[in-house]
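Worksheet for the structure shown next.
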2 protein chains.
Amino acid sequence: MFKLPNEVIFYLIERAIKEYRQFAQKQFNKAFTDITVDQAMIFVLIANNPNLNQEEIGQIVFKEKASVTRMIELLRKNGYLKRSIHETDRRRFILLPTDKGEIALENLISIIEKNRSIALEGISEEDQMHLKTTLQSLIKNCNQ
Amino acid sequence: MFKLPNEVIFYLIERAIKEYRQFAQKQFNKAFTDITVDQAMIFVLIANNPNLNQEEIGQIVFKEKASVTRMIELLRKNGYLKRSIHETDRRRFILLPTDKGEIALENLISIIEKNRSIALEGISEEDQMHLKTTLQSLIKNCNQ
DNA sequence: GTAATTTAGTTGATATATCAACTTTATATG
DNA sequence: CATATAAAGTTGATATATCAACTAAATTAC
């Protein structure tokens with residue numbers, strides 16, 4: 001009855017995302033010394049959706065708002081993002097890429113696209129759709 | 001061109017494993033106060049393969065041997081595992097479940113089986129095979 | 001309009017993962 | 001056999017994630 005983790009679907013899912021993260025991080029490291037996969041993810045997200053608040057960002061990337069605060073602080077400290085206070089709600093911040101951030105963004109986005117297409121090489125559109133559908137069922141099952 | 005993480009396959013993979021882990025942890029917490037998903041994973045692995053060394057365990061669960069050391073130490077501290085020195089190689093340890101550990105194991109294994117079957121409910125054998133195959137291609141692609 | 005509640009974000013304590021340096025034992029090489 | 005190298009496991013420093021408690025601003029309710 002015992003199965004090596006290798007044969008277990010959940011282990012494989014875990015492994016897949018870890019391999020992809022490692023691979024993606026390696027690619028980022030070629031161009032940056034101070035950006036992690038998670039930072040890149042929220043950086044691109046914020047740049048494309050400047051209206052999101054940190055709670056919402058957290059929900060989208062499936063992390064706590066406390067973690068979001070800290071990732072944003074790192075992006076700010078490293079000069080990629082700047083914060084200003086929201087005009088009508090002074091509890092919030094407006095997050096915008098700095099000039100350095102804008103340049104980095106372009107680069108990041110092209111690296112991300114390349115990463116994704118390498119990781120999905122040889123996997124047909126149909127298989128990708130199929131994968132998504134199955135994962136969505138799985139997610140739903142875990143939330144009963 | 002920008003896609004919300006939701007539509008991106010890698011995000012979905014990440015999300016799926018996080019949801020499963022959260023779900024699994026909740027189930028563990030009903031029966032135990034001191035066992036994490038990762039600890040359960042290596043505990044079952046060790047119990048079924050007492051001959052593995054910590055480096056190998058790490059490779060199988062995709063973690064550093066340093067992390068394995070610390071997880072084993074927790075399992076030991078909480079009374080689930082006992083260590084004795086390997087007869088022929090004194091650098092190694094033999095890891096065996098304690099009596100408490102044996103009882104916990106049975107319980108854990110049945111929880112794990114239940115968790116998996118709930119998470120996979122409604123997903124056909126064929127879809128599961130398909131998922132595995134696709135993830136394996138993805139893993140291979142990340143290792144070029 | 002003031003008090004109570006909610007919301008946005010931060011911070012401290014804690015847990016766990018990793019890396020690199022280390023100890024101890026085993027093995028290989030001359 | 002002595003020494004060099006490799007292997008098993010540990011440990012300290014560091015990074016990041018989470019939880020819960022917190023501050024400050026906004027909203028609701030009286």
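Chain naming here is simple, since letters A, B, ... match the order of the sequence lines and numbering starts at 1 in each.
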- Task: Classify the nucleic acid contact of B:Leu74 as base, sugar-phosphate or nothing, counting any heavy atom under 4.0 Å across all strands shown.
- Result: sugar-phosphate

- Item | Value in whole Å for how far the P atom of C:dT16 lies from CE of B:Met41 | 14 Å

- Check whether any side-chain nitrogen or oxygen of B:Lys65 sits under 4.0 Å from OP1 or OP2 of D:dG9, and answer yes or no. no

- Query: Closer to the 5' end of DNA chain C via nearest nucleotide, is it A:Phe93 or A:Lys18?
  - Reply: A:Phe93

- With distance as the sole criterion, do the side chain of B:Arg91 and the base of C:dT24 form a donor-acceptor contact below 3.5 Å? no

- Query: Do any side-chain nitrogens or oxygens of A:Thr69 fall under 4.0 Å of OP1 or OP2 in C:dT10?
  - Reply: yes

- Message: Using a distance-only criterion (donor-acceptor N/O pair, under 3.5 Å, no hydrogens), is the base of D:dT18 paired with the side chain of A:Arg70?
- Response: yes

- Polar side-chain contact B:Arg76-D:dG9 base: donor and acceptor under 3.5 Å: no

- The answer to which of A:Met71 and A:Glu87 contacts DNA chain D further toward the 5' end, by nearest nucleotide, is A:Met71

- Distance test, side-chain N/O of A:Gln54 to OP1/OP2 of C:dT10, below 4.0 Å: yes

- Message: With a cut-off of less than 4.0 Å, is there a side-chain N or O of B:Ser67 near OP1 or OP2 of C:dT18?
- Response: yes

- Item | Protein-nucleotide distance (A:Arg90, atom CZ; C:dT7, atom C1'), rounded to Å | 15 Å

- Query: Do A:Gln25 and A:Thr36 have side-chain atoms, one donor and one acceptor, less than 3.5 Å apart?
  - Reply: no

